[in-house]
S.K.: 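I have a structure I would like to understand better, so I am pasting it below and will then ask my questions one at a time.
Keep in mind that this is a model prediction, so the values were computed, not measured.
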Amino acid sequence: MLYLSQRDIEKVDLPMEEIIEALDESFKEKGLGNVEMPPKPGIHTQPDAFIHAMPAYVPSLGSAGIKWVSGYPENYKRNLPYITGLLILNDPETGVPLSVMDCIWITAMRTGAATAIAAKYMANMESTTVGILGCGVQGRTNLRALHIMMPKLKEVKAYDISGDAAKKYAEEMQKQTELNIRIVGSPEEAVRNSDIIVTAGPILKNSHPAIEGDWLKPGVFASPVDFDSYFKKSAFESCDKFVTDDREQCLYYKSLGYFQHIPEIYADLGEIAAGIKPGRENASEKIICANLGLAMDDMATAIKIYKKAVENNIGIWLEL
Ligand SMILES: NC(=O)c1ccc[n+]([C@@H]2O[C@H](COP(=O)([O-])OP(=O)(O)OC[C@H]3O[C@@H](n4cnc5c(N)ncnc54)[C@H](O)[C@@H]3O)[C@@H](O)[C@H]2O)c1
């Protein structure tokens, strides 16, 4: 089997455009009921931390496997990433493991791509301004993906509790995207008058939500990558549609104590991608789409990385 380290995967450098395309196809397939993906079980060794098992099979992409991923909010104190883990890709015909690969890059990129897919169906295409709350790994990849999906994007309002993190973000993302990146001093400034909002701070059970319903402008599209950590009850109540990438998973998290204030779930993102339910229906709807992160997103990306790595002779072949 092929072992792909973090550095190998960076070397493969699968373009964000291809990841967005693979996820769009996967969401359509999910909407049509063609994806096998049981809700993720997990273990919890520290408060607010998780290690999740995420298996999925996407037949149309010939991709099957599992991601074993950790999320540790206190890791920054040890100079370790919030998210770490491994992914095993299996041959769908024989079940034989084809590859073991690091999952940091994949998780970062596919989560950004999932926000872009949600924006494709639910954001105003005229959107010019995005508010990013949490200027870490996800703040970066979500902006990269939105920059590809939203042709008129011009301005980014970046907020982070760490001034240094915001400054580094602004410098890096300005260079990468040539968008106008403005650091703002409060969550409210990042949210008010923004057409699109991405929140990507830590996921905490006892979180301190800040975003009020009347901060959200008509026509807004919000992608809470950090679950409901940032959104107050009034914000959820003010939205016209609440969508998630997986209804079952969202209700499971609700049973664990997250998402206590969400309204009725309007649709799964897959139902919208497959055309079973409409996404945005007019320019003034306020829509929140909470992508919890699906194993399907990882498998859609991993198979492409594997094929490109084999083609380009990247990685180390190991005996099983
Ligand atoms: N939904 C998904 O599919 C998915 C996938 C991966 C990660 N996540 C979640 O995304 C979040 C960010 O992950 P990451 O890898 O980017 O982490 P990261 O550590 O790279 O970035 C987090 C950033 O948030 C900042 N921050 C902390 N508290 C804040 C607050 N109250 N307001 C604004 N900024 C704040 C930190 O200073 C840091 O810069 C985590 O909650 C993680 O669990 C979700």
Side-chain angles (χ1 to χ4, degrees), residues 6 9-10 12-27 54 67 69 71 81-85 87 101-123 127 129-151 153 156-160 165 168-170 172-179 181 190 194-203 221-227 229-230 243-246 269-270 273 287-302 304-305:
Q6 277 175 45
I9 291 185
E10 282 164 14
V12 169
D13 198 21
L14 189 67
M16 180 62 99
E17 286 85 348
E18 282 188 42
I19 302 174
I20 291 174
E21 208 177 296
L23 260 67
D24 203 5
E25 175 175 344
S26 307
F27 275 110
M54 301 175 64
K67 183 170 84 165
V69 63
Y82 192 125
I83 300 283
T84 58
L87 186 149
M101 58 181 87
D102 183 80
C103 80
I104 292 181
W105 189 93
I106 294 173
T107 306
M109 295 291 278
R110 62 70 148 155
T111 310
T115 289
I117 301 295
K120 172 179 171 184
Y121 299 107
M122 287 174 273
S127 297
T129 308
V130 58
I132 301 280
L133 292 84
C135 298
V137 172
Q138 289 299 332
R140 285 170 168 76
T141 52
N142 274 257
L143 183 61
R144 281 176 62 184
L146 283 170
H147 184 43
I148 291 167
M149 186 58 74
M150 310 304 298
L153 219 54
V156 180
K157 290 185 276 174
Y159 172 74
D160 198 289
K168 214 165 144 218
Y169 178 86
E172 258 179 60
M173 297 314 289
Q174 183 86 52
K175 262 192 220 136
Q176 270 190 37
T177 63
E178 295 180 356
L179 294 166
I181 318 263
S194 290
D195 302 309
I196 297 179
I197 294 156
V198 175
T199 59
I203 296 174
F221 166 73
S223 176
V225 174
D226 51 7
F227 289 19
S229 303
Y230 239 117
V243 175
T244 176
D245 56 358
D246 191 80
L269 179 51
I287 305 180
I288 299 179
C289 177
N291 288 331
L292 312 168
L294 302 182
M296 170 187 94
D297 308 346
D298 299 303
M299 297 315 137
T301 309
K304 293 200 173 278
I305 290 177

S.K.: So do Tyr82 and Pro202 actually touch side chain to side chain, heavy atoms under 4.5 Å?
M.R.: yes

S.K.: Is any side-chain heavy atom of Met299 closer than 4.5 Å to one of Met54?
M.R.: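 With C-beta onward as the side chain, the pair stays apart.
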
S.K.: Given side chains that start at C-beta, do those of Pro224 and Ile288 come closer than 4.5 Å, heavy atoms only?
M.R.: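 Pro224 reaches Ile288 side chain to side chain.
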
S.K.: With distance as the sole test, does Ser127 use its side chain to make a donor-acceptor pair with the main-chain N or O of Ile196 at under 3.5 Å?
M.R.: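 No, the answer is negative, given that no donor and acceptor are paired below the 3.5 Å cut-off.
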
S.K.: Which pair of heavy atoms, one from Ala108 and one from Thr141, lies closest together, and at what distance?
M.R.: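 Here Ala108 and Thr141 meet closest at O-OG1, 2.8 Å.
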
S.K.: Carefully, step by step, assess Val137 and Ile83 under the rule side-chain contact (heavy atoms from CB on, under 4.5 Å).
M.R.: CA-CA 9 Å; Val137 172; Ile83 300 283; over 6 Å; no

S.K.: Could you check if a side-chain atom of Val69 sits within less than 4.5 angstrom of a side-chain atom of Leu87, using non-hydrogen atoms only?
M.R.: no

S.K.: Distance check, rounded to the nearest 0.5 Å: Ile19 atom CD1 versus Ser26 atom OG?
M.R.: 11.5 Å

S.K.: Donor-acceptor pair, Asp195 side chain versus Thr129 backbone, under 3.5 Å?
M.R.: yes

S.K.: Grab the two heavy atoms, one from Asp102 and one from Ile9, that are nearest each other, plus how far apart they are.
M.R.: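 Scanning both residues completely, I find the closest heavy atoms to be O-CD1, 3.2 Å.
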
S.K.: Is the shortest heavy-atom distance from the side chain of Asn291 to the side chain of Val225 under 4.5 Å?
M.R.: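 A side-chain contact is absent here, since even the closest heavy-atom pair is not under 4.5 Å.
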
S.K.: Is Met149 close to Glu17 at the side-chain level, that is, under 4.5 Å between some pair of heavy atoms?
M.R.: no

S.K.: Just so I know, are the side chains of Tyr169 and Leu143 near enough to count as touching, which here means a heavy-atom distance under 4.5 Å?
M.R.: yes

S.K.: With no hydrogens and no angle check, do the side chains of Lys157 and Ser194 hold a donor and an acceptor under 3.5 Å apart?
M.R.: yes

S.K.: Just wondering, do Met296 and Phe27 contact through their side chains at under 4.5 Å, heavy atoms?
M.R.: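 Touching, per the 4.5 Å side-chain cut-off.
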
